[in-house]
Amino acid sequence: MGIIFNEKSGEFHLYNENISYLMKILRNGQIGQLYFGSRIPQKEHYDYLLENAYRPMSAYVYENEYSFSLEHLKQEYPSYGSSDFRMPAFTLKQENGSSVTAFQYVSHKIYAGKPVLSGLPATYTEKEDEADTLEILLRDELLGTEMTLIYTIFNQENAVARSVRFENRGEVSCQLDTAMSLCLDLPDADYEWVQFSGAWARERYVKNRMLQQGIQSVGSTRGSSGHMHNPFVVLKRPAADEFQGEVMGFSLVYSGNFLAQAEVDTYNVTRMMMGIHPLGFSWCLEPGESFQTPEAVIVYSKEGMNGMSQTFHKLYRTRLARGEWRDKERPVLLNNWEATYFNFDEEKLVQIAKTAKEDGVELFVLDDGWFSTRCGETSGLGDWWANTDRLPNGIKGLSERIEELGLKFGLWFELEMVNKDSELYRNHPDWIIHTPGRTASHGRKQYVLDFSRKEVVDYIFNLVAKILRESKVSYIKWDMNRSITECFSEGYGAKRQGEIFHRYILGVYDLYERLIAEFPHILFESCASGGGRFDAGMLYYAPQAWTSDDTDAVERVKIQYGTSYAYPLSSMGAHVSITPNHQLCRETPIKMRGDVACFGAFGYELDLAKLTAEERRVVRKQIEFVKQYRGMIHRGSFYRLQSPFENNISAWMVVSEDKKQAIVVYIKILNDVNCEFRRLHLKGLDENFCYHAVEDDVEKGDFFGSELMNIGMITSDASAGQALENGDLDICTDFWSKMVILKAE
């Protein structure tokens with residue numbers, strides 16, 4: 001059992017081979033934080049870690065005593081109003097208007113395995129010995145309300161999952177206005193804060209800054225996790241880099257509004273919190289009702305950022321993603337969107353699919369425009385039945401024709417939205433999220449369906465299930481293309497309106513769960529105008545996500561590099577699109593586009609028939625390569641080698657589980673001239689293995705793992721001199737890449 005309770009000292013010790021998490025029951029019954037980091041031994045007590053002293057202007061819990069102030073104690077789940085003046089992990093407003101609480105330890109239980117969070121995504125175990133769980137029950141006697149702090153430590157991964165459950169066992173209602181999933185008080189502020197921010201078409205750029213006194217935070221109040229900031233942040237020691245040093249990663253397994261915040265007080269104590277964003281949130285707890293926060297996951301690494309990422313990758317790939325497609329190799333797909341947009345009919349689609357089959361594609365995906373009156377952005381959303389003018393045989397007939405070609409068939413939906421020009425809106429105008437008497441803002445001429453209401457989710461489920469029962473659909477791309485505004489539901493009373501953002505995302509999760517249960521063979525890919533809801537919560541339902549609407553290979557290097565800090569390669573939808581690129585009008589070689597896209601769930605966004613014969617030859621080779629190596633790419637250990645945020649040249653690699661194979665990609669954005677000779681130091685190889693290297697089909701010789709890691713792999717090209725006249729060195733250009741395959745003899 002990886003959890004010990006020392007009854008004499010009142011200390012809890014969560015541990016595995018590499019990490020320890022220590023906490024203690026304080027004098028006032030709250031839970032104090034003692035330590036989180038590298039494994040330490042169990043001993044009689046760690047009371048010396050509790051430091052307190054008299055400080056003028058502080059407040060003290062016990063009358064005539066100046067040695068116990070919550071302002072200076074590190075706590076597990078702190079409140080505001082009883083001598084702690086920092087931001088609280090929760091606020092609970094009572095009928096008399098007070099938010100002062102006193103939750104005190106009642107009991108605890110320790111057990112093997114991990115609990116399921118009802119209605120919410122969460123990491124899981126398949127065997128009880130994979131993890132151990134601690135639940136600490138605290139109670140506010142005056143309110144009759146209980147709080148359960150839930151901790152799970154994984155035995156093989158340096159990770160702790162945390163969440164909190166509130167239950168009103170009193171006789172009057174109260175209201176949660178803040179309910180964080182995680183709070184961790186750290187003893188100093190010598191950390192670099194790393195966030196992953198951007199906007200549509202440039203998601204998850206890496207942003208770094210040192211912590212300072214005050215509050216640093218990122219979050220979303222858009223109704224979804226959003227393009228702008230990701231619900232994942234890192235605290236790293238200043239000297240830590242990709243391969244060494246202390247790093248902590250914090251990830252929220254949730255897809256709605258979120259807040260990730262580090263508050264540094266003037267004594268340089270850091271309070272890290274993560275959970276549902278308090279802005280726009282409140283939850284009414286009537287007697288007998290409960291509220292469960294989403295799960296947050298903390299990963300600790302002494303092996304730098306790559307060590308942290310590899311823990312997240314394995315945990316999220318194998319114990320967050322689930323279902324039939326979790327471990328299966330993902331099909332090479334072709335999506336018709338950038339090939340046709342709304343301009344298609346059945347015959348045109350079949351011809352595109354035939355060409356794709358000739359080149360080795362396995363799955364054809366029909367995107368937007370197949371349903372109701374949908375011929376553009378202004379109509380049809382919500383009416384999920386086939387447009388028989390375009391598809392005379394419906395989805396059933398088209399899917400059967402695609403399968404007759406030897407391909408699987410996939411379909412696009414945007415289930416959470418509605419156009420006013422639709423049968424759904426005309427029949428149920430009250431089913432959109434809107435505030436009575438106020439103008440309803442639109443985005444892309446569409447409105448958000450009120451998924452907080454069961455009858456709305458039921459209606460959409462029945463329409464979609466009818467199509468899926470009748471047709472041969474193997475894949476669904478689930479899109480979501482706007483944020484929530486005027487958040488109000490006609491299905492709830494005034495005191496419940498603060499619940500709508502959260503109830504909405506619970507409705508999304510419920511619809512996913514019901515569709516997965518009835519159609520377990522379908523591969524779901526989540527999407528939100530590309531990467532607008534790329535988060536751990538979605539991975540529980542859809543094992544891959546459309547990483548960004550930006551398919552330009554140069555931009556995708558940054559987007560996929562940033563995404564890789566938390567999310568596995570198997571989760572990143574990554575496609576080769578046409579050139580000039582439709583988002584940037586940039587022209588890049590099809591080889592580079594393929595070299596970038598193959599480090600994800602691979603596919604194409606174009607009509608292959610419009611490519612040249614040479615481009616078609618390259619496509620066939622790309623597909624052959626992906627089919628041969630996709631399992632290893634998705635399950636192997638990923639190493640970031642050179643950052644596109646810091647260099648003109650970026651590089652990464654994947655090493656197989658047995659270390660007998662590795663694939664390295666090396667990308668130069670802009671060419672240079674008369675530059676230095678270059679070497680790239682590889683990682684993760686077995687130093688004693690001798691690897692045979694093949695670079696873009698050219699034999700490069702045999703090298704020991706120790707050579708490639710310590711001396712480095714030679715990456716000099718013709719730019720070491722005059723770029724186009726440099727002997728035997730490879731000629732290169734702007735937007736140039738090469739792929740190296742290493743196999744142990």
Side-chain angles (χ1 to χ4, degrees), residues 3-14 21-36 44-54 58-94 96 98-110 133-151 162-172 174 176-185 187 269 271 273 285 290-293:
I3 301 174
I4 295 172
F5 176 61
N6 185 331
E7 189 169 355
K8 185 176 180 181
S9 67
E11 292 175 3
F12 298 93
H13 186 181
L14 290 70
Y21 195 123
L22 276 176
M23 66 190 93
K24 179 182 178 65
I25 304 170
L26 300 174
R27 285 176 59 192
N28 68 339
Q30 290 182 227
I31 309 300
Q33 175 19 243
L34 297 181
Y35 171 77
F36 175 62
E44 185 176 356
H45 65 81
Y46 281 94
D47 279 344
Y48 76 91
L49 294 174
L50 277 179
E51 296 181 276
N52 219 329
Y54 172 70
S58 294
Y60 296 87
V61 173
Y62 298 105
E63 191 169 355
N64 298 322
E65 183 180 318
Y66 296 95
S67 61
F68 193 88
S69 173
L70 294 174
E71 182 177 5
H72 309 299
L73 282 172
K74 290 174 278 295
Q75 300 159 67
E76 280 299 295
Y77 205 68
S79 63
Y80 170 80
S82 295
S83 78
D84 190 345
F85 302 99
R86 294 166 291 181
M87 295 298 288
F90 73 101
T91 55
L92 190 63
K93 186 177 291 185
Q94 298 129 57
N96 65 2
S98 171
S99 295
V100 174
T101 58
F103 281 89
Q104 297 179 316
Y105 171 82
V106 175
S107 64
H108 70 273
K109 57 182 179 180
I110 299 170
T133 295
L134 166 68
E135 294 189 9
I136 304 176
L137 177 65
L138 302 102
R139 180 179 174 86
D140 186 306
E141 292 294 344
L142 182 63
L143 297 178
T145 301
E146 294 181 347
M147 170 200 300
T148 303
L149 307 181
I150 306 169
Y151 303 78
R162 290 188 56 178
S163 68
V164 183
R165 183 173 62 251
F166 294 86
E167 186 169 359
N168 186 351
R169 293 184 175 273
E171 297 179 355
V172 296
C174 53
L176 270 173
D177 290 330
T178 303
M180 292 289 107
S181 298
L182 168 151
C183 179
L184 182 65
D185 284 353
V269 171
R271 172 166 289 175
M273 293 198 301
L285 282 176
S290 63
F291 179 81
Q292 171 67 52
T293 72

What distance do R162 atom CZ and L184 atom CG have between them, rounded to the nearest 0.5 Å? 7.0 Å
Does N6 use its side chain to pair, donor to acceptor, with the backbone of E44 at less than 3.5 Å? yes
Sequence neighbours left out, what passes side-chain contact (heavy atoms from CB on, under 4.5 Å) with E63? Give chain and number order. none
Without placing hydrogens or testing angles, list every side-chain donor-acceptor pair under 3.5 Å for residues 80-90, not counting sequence neighbours.
{"unit_1": "S83", "atom_1": "OG", "unit_2": "L70", "atom_2": "N", "d": "3.0"}
{"unit_1": "D84", "atom_1": "OD1", "unit_2": "R86", "atom_2": "N", "d": "3.0"}
{"unit_1": "D84", "atom_1": "OD1", "unit_2": "R86", "atom_2": "NE", "d": "3.1"}
{"unit_1": "D84", "atom_1": "OD2", "unit_2": "Q75", "atom_2": "NE2", "d": "2.9"}
{"unit_1": "D84", "atom_1": "OD2", "unit_2": "R86", "atom_2": "NH2", "d": "3.4"}
{"unit_1": "D84", "atom_1": "OD2", "unit_2": "R271", "atom_2": "NH1", "d": "3.3"}
{"unit_1": "D84", "atom_1": "OD2", "unit_2": "R271", "atom_2": "NH2", "d": "3.0"}
{"unit_1": "R86", "atom_1": "NH2", "unit_2": "L70", "atom_2": "O", "d": "3.0"}
{"unit_1": "R86", "atom_1": "NH2", "unit_2": "E71", "atom_2": "O", "d": "3.4"}
{"unit_1": "R86", "atom_1": "NH2", "unit_2": "L73", "atom_2": "O", "d": "2.9"}

Could you tell me the separation between the CD1 atom of I31 and the CG atom of L149, rounded to the nearest 0.5 Å? 6.5 Å
What orientation do F12 and H108 show, parallel under 30°, tilted 30 to 60°, or perpendicular over 60°? perpendicular
Taking the side chain as every heavy atom from C-beta outward, state whether R27 and S67 have any atom pair closer than 4.5 Å. yes
Quick one: does I136's side chain get under 4.5 Å of F5's, heavy atoms only? no
Step by step, would you call E11 with D47 a side chain to side chain contact (heavy atoms under 4.5 Å, CB included)? CA-CA 9 Å; E11 292 175 3; D47 279 344; 3.6 Å; yes
For Y66 and Y60, run ring pair (Phe, Tyr, Trp, His ring centres under 6.0 Å): C-alpha distance rounded to whole Å, both residues' side-chain angles, the deciding distance at 0.1 Å, then the answer. CA-CA 6 Å; Y66 296 95; Y60 296 87; 5.4 Å; yes
Rounded to the nearest 0.5 Å, how far apart are CD1 of I25 and CD of E7? 9.0 Å
Taking every heavy atom of F166 against every heavy atom of L285, the minimum-distance pair comes out as CB-CD1, 4.0 Å
Please check this pair: side chain of Y46 against backbone of S9, looking for a donor-acceptor N/O pair closer than 3.5 Å. no
Residues passing the side-chain contact (heavy atoms from CB on, under 4.5 Å) test with Q94, sequence neighbours excluded, are N96, S98, T101, L143
Find the distance between OH (Y105) and CE (M147) and round it off to the nearest 0.5 Å. 15.0 Å
NE2 (H45) and CG (L50) are apart, to the nearest 0.5 Å, by 11.0 Å
By side-chain contact (heavy atoms from CB on, under 4.5 Å), D177 pairs with (sequence neighbours left out) T91, K93, Q175, S282
Any donor-acceptor pair under 3.5 Å from T293 side chain to V164 backbone: yes
Between C183 and M273, what is the shortest heavy-atom contact and its length? SG-CG, 3.8 Å
Suppose we screen for side-chain contact (heavy atoms from CB on, under 4.5 Å). Which residues come up paired with E135, at least two apart in sequence or across chains? K109, Y111, P115, T133, T148, I150, R165
Interatomic distance, CD@E146 vs OG@S290, rounded to 0.5 Å, equals 11.0 Å
Closest non-hydrogen atom pair between L92 and C174, with its separation: CD1-SG, 3.8 Å
Taking only residues two or more places apart in sequence, or in another chain, which ones meet Y35 in a ring pair (Phe, Tyr, Trp, His ring centres under 6.0 Å)? none
Evaluate the side-chain proximity of F291 to N168: yes if any heavy-atom separation is below 4.5 Å, no if none is. no
Main-chain N/O of L22 paired to Q33 side chain as donor or acceptor, under 3.5 Å: yes
Polar side-chain atom of Q104 near backbone of N28 as donor-acceptor pair, under 3.5 Å: yes
Working note: M23 + L14, criterion side chain to side chain contact (heavy atoms under 4.5 Å, CB included); need CA distance, chi angles, decisive distance, verdict. CA-CA 9 Å; M23 66 190 93; L14 290 70; 3.7 Å; yes
Side chain to side chain contact (heavy atoms under 4.5 Å, CB included) evaluation trace for I3 with Y151: CA-CA 10 Å; I3 301 174; Y151 303 78; over 6 Å; no
